[in-house]
There are 4 protein chains.
Amino acid sequence: MTKNKIKKAALELFVKGGYEGARLADIAAAVNIKPPSLYFHFESKEKLFIEVFDDLLNKRLDYLNTVRQELNELTSAKDQLRHIYNDYSARAKDNQDERVFWKRTALFPPNFLKERVRNDMIAYERQFEDVLVRPVLLWGMKAREIKRQDVERCIVAFISLTAAAFTEIHYSDPDTYRERLEILWDFFWDSIKS
Amino acid sequence: MTKNKIKKAALELFVKGGYEGARLADIAAAVNIKPPSLYFHFESKEKLFIEVFDDLLNKRLDYLNTVRQELNELTSAKDQLRHIYNDYSARAKDNQDERVFWKRTALFPPNFLKERVRNDMIAYERQFEDVLVRPVLLWGMKAREIKRQDVERCIVAFISLTAAAFTEIHYSDPDTYRERLEILWDFFWDSIKS
Amino acid sequence: MTKNKIKKAALELFVKGGYEGARLADIAAAVNIKPPSLYFHFESKEKLFIEVFDDLLNKRLDYLNTVRQELNELTSAKDQLRHIYNDYSARAKDNQDERVFWKRTALFPPNFLKERVRNDMIAYERQFEDVLVRPVLLWGMKAREIKRQDVERCIVAFISLTAAAFTEIHYSDPDTYRERLEILWDFFWDSIKS
Amino acid sequence: MTKNKIKKAALELFVKGGYEGARLADIAAAVNIKPPSLYFHFESKEKLFIEVFDDLLNKRLDYLNTVRQELNELTSAKDQLRHIYNDYSARAKDNQDERVFWKRTALFPPNFLKERVRNDMIAYERQFEDVLVRPVLLWGMKAREIKRQDVERCIVAFISLTAAAFTEIHYSDPDTYRERLEILWDFFWDSIKS
DNA sequence: CATGAATGAGTTTTCATTCAT
DNA sequence: TATGAATGAAAACTCATTCAT
């Protein structure tokens, strides 16, 4: 389906150049159509961006629940937290484009989307904490696997783990990246385990 | 001096819209001149960006040495690390614009600068580690203030502290921001102290 | 029949935006089909316009004869002229759209049709004068109902009555419109009656 | 001054093709500049149209007062009315372009201006009646030069004289045009004179 | 130093039109 | 009959840049 191919190409180019840096001509070329043809599928460049963003938002929101399910298979809080964290070490191209698009948009949204992005992002982060991180942490504390302490502080630490991981994507080659993720994880776990 | 006013305005607008999103017309307007007048001071938009970038790079490089000096006044490794970290909690507008410009450029440099930015950034990061972080950590370990452990791992942890701090700028209001920086610091210090 | 629905919708939109202002997409939408479907019925936008125009031309030409017949039922020149004039006070939506289309096309034809329109219009006007206005005026003079005078001058006056009526459509609400038509008529009749 | 040359060229092309039919490329070409240069002088095509329209509106509003002055030189109501009417027989190119632009815009304004045009036009018409036509008619009646009668009806008649005159511009060659204006005038004057 | 005027090279967007189904 | 998908041609508009003053 052309529409999806366009969205995929668009995501890739939005990642490379941001909203303003991505030209419709390039997006069209990536799908082997001419620029005007894009307008059969999308009202405007803005709407295209929004659809890409919304798709990803929904995908991640869904993913939250998927992960939530998967956690049930795991018996220790450590494994569960690690499973959540693992999402960040997957380095398949698509996956990574999406993650960079997500972060780029979160940090530097195109002007016309500033408001919405901010709201959606905050809502997503809240879900992430409420559905995944906090329950696991609480459960781990109850099971004495994790030191009793202020959960909210632990959450802040865990979130910043993921933030740091994202930054690393840009600086490190794949191997260093994985290595560093591991280091961060160790620090984190040592800090909170009983 | 007009030239500096231009650079300051440019930095601000590059922060808001990135290289492509910032229009010379806006930069000129911010300085109360017309766009052609910019060309008296700068050869081109690219050159303007580069100058802003270089200025900041040098400023930070200088700052490294300044901080290096300041560390001598401090007697504990904890205070020293904390002093380095403190740069990140200053939240004056200028300071912050610079930090965001820095990170934005590091993460999403304009295409024409990709190469140079990457190199300069890496060089800077190395300096940061070599001049400030590593020496302090080593010294702290020697003094048994910090647990004996792999220094490089500690560096990774410290660096990611600053990365996380940056991300928080975007999400949190000033108070929350400061609070979280504190939390992260506590986690970090608890992890490495003896 | 779809074809006729299209023509009706087209007429309406040509009235609103002129030839260039009317978009095939809107015309199609008004008939609940998609733009490409229009091409099953018409070769091109130009051809569509021409058909609409020709239909109307023929309709009006026919109407001339109808009116000519109807005049036979009327015994005074005054009633006859008034009957001719009455066409202009009908204000049903369709009727009016047609009149505006007619005038708009007469005054500001699309470039590609300039020649034909001019010719057809002039031919129509001549018919209007030859078949309806002049005979009635002559007959009225012969019957001493109308002052003996230069018929051609009377025709000019009568024609300008209709032109003025058209302009009023745009400026006046229905009631004012009717009222003014009446005023004009009174002036006219007083001027030419015996 | 380029700006004025643009406005003049624009008026001419708006007359020929209406708002949608006039292309900026043609307007630019008429002034020997490239299309983007138009944007140095006008924000957009719409704004250009609006300025042309406003200029003309003001010009005509001024003209009303000029004519008002000139009327004082004339001693009979007949001469005065005729003087008002004469404006319509001037057939210099510029003058006529303006008149056609005026009427075209009045009758078929571009969609984005519909509201404003309607209001401005009605205001202008009112001025025309209040400042010129009604006073002269009243004065003529007082002087027994004009038959005592309902002034408002006379105004309607006079206005439609001008409307009809406008329509004639499109149909007739200059000589016929002048001849018909004369005929209409005679009818009108005969109708209202004492 | 600064700017008014203009422009080249794009960029998004519109729209009538085509064509395979 | 009708349409989904695509396109050519052109439209308006943007923006960095130039240049004479």
Side-chain angles (χ1 to χ4, degrees), chain A residues 1-3 5-6 17 19-28 31-49, chain B residues 1-3 5-6 17 19-28 31-49, chain C residues 1-3 5-6 17 19-28 31-49, chain D residues 1-3 5-6 17 19-28 31-49:
Chain A
M1 201 188 164
T2 305
K3 185 162 187 176
K5 285 200 280 174
I6 294 173
Y19 178 75
E20 0 265 338
R23 286 168 317 173
L24 291 187
D26 290 341
I27 296 174
V31 192
N32 273 313
I33 59 175
K34 311 291 174 195
S37 307
L38 294 173
Y39 286 79
F40 177 77
H41 303 280
F42 303 91
E43 264 179 47
S44 66
K45 192 184 176 187
E46 292 196 357
K47 287 276 168 61
L48 168 56
F49 187 92
Chain B
M1 199 186 161
T2 305
K3 185 161 185 176
K5 285 202 281 176
I6 294 173
Y19 178 75
E20 357 266 338
R23 286 167 322 171
L24 289 189
D26 289 341
I27 295 173
V31 193
N32 273 314
I33 58 175
K34 310 293 173 190
S37 309
L38 294 173
Y39 287 80
F40 181 82
H41 304 279
F42 302 92
E43 259 181 53
S44 68
K45 191 184 178 186
E46 292 195 356
K47 287 277 167 58
L48 167 57
F49 187 91
Chain C
M1 199 189 163
T2 304
K3 186 160 184 175
K5 285 202 280 176
I6 294 173
Y19 178 75
E20 358 266 338
R23 286 167 324 171
L24 289 188
D26 290 340
I27 295 173
V31 192
N32 273 315
I33 60 176
K34 310 292 173 191
S37 308
L38 294 173
Y39 286 79
F40 180 81
H41 304 279
F42 302 92
E43 261 181 51
S44 68
K45 192 184 178 187
E46 292 195 356
K47 287 277 167 59
L48 167 56
F49 187 91
Chain D
M1 200 186 165
T2 305
K3 187 162 185 176
K5 285 202 278 176
I6 294 172
Y19 178 75
E20 0 265 336
R23 287 167 317 171
L24 290 187
D26 291 341
I27 296 174
V31 192
N32 272 312
I33 58 175
K34 312 290 173 193
S37 307
L38 293 173
Y39 287 81
F40 177 77
H41 303 280
F42 302 92
E43 264 181 46
S44 66
K45 192 184 176 187
E46 292 196 357
K47 287 275 168 62
L48 167 57
F49 187 92

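These numbers come from the heavy atoms of this one structure, side chains and all, not from hydrogens, waters or symmetry mates. Lettering of chains follows the sequences in order, A, B, ..., and the numbering in each one begins at 1.
- Closest heavy-atom contact between A:A28 and A:K34: CB-C, 3.7 Å.
- In this structure, D:Y39 and B:L24 both approach DNA chain F, and ranking their closest nucleotides by distance from the 5' end singles out D:Y39.
- Of the two residues near DNA chain E, C:K45 and A:E20, the one whose nearest nucleotide lies more 5' is A:E20.
- Straight-line distance from the OH atom of A:Y19 to the C1' atom of E:dT11: 11 Å, rounded to whole Å.
- E:dA16 is paired with F:dT7 under the criterion used here, namely a Watson-Crick or G-U wobble arrangement in which both key atom distances are under 3.5 Å.
- Going from atom CD1 of C:I6 over to atom CG of C:L38 covers 5.0 Å, rounded to the nearest 0.5 Å.
- D:Y19 and D:K45 make their closest contact through O-NZ, 2.8 Å (heavy atoms, listed as atom of the first residue, atom of the second, distance).
- Residue contacts shown for C:A28 are absent, as no nucleic acid heavy atom lies under 4.0 Å away.
- Distance NZ (D:K5) to C1' (E:dA6): 13 Å, rounded to an integer number of Å.
- A sub-4.0 Å separation between OP1 or OP2 of E:dA6 and a side-chain N or O of D:K34 is absent.
- Distances shorter than 4.0 Å separate some side-chain N or O of A:T2 from OP1 or OP2 on F:dA6.
- Nearest-nucleotide mapping onto DNA chain F: of C:P35 and D:R23, the residue sitting toward the 5' end is C:P35.
- When both distances must be under 3.5 Å, the Watson-Crick or G-U wobble mate of E:dA9 is F:dT14.
- Note on D:S37: a side-chain N or O is less than 4.0 Å away from OP1 or OP2 of E:dT7.
- Two residues, B:H41 and C:E46, neighbour DNA chain E, and the one matched to the more 5' nucleotide by heavy-atom proximity is B:H41.
- Closest approach to the B:P36 side chain among F:dA6, E:dA9, F:dC19 is made by F:dC19 (side chain taken as heavy atoms from C-beta onward).
- Within 6.0 Å of NZ on D:K3 lie more than 12 heavy atoms contributed by other residues, nucleotides or ligands.
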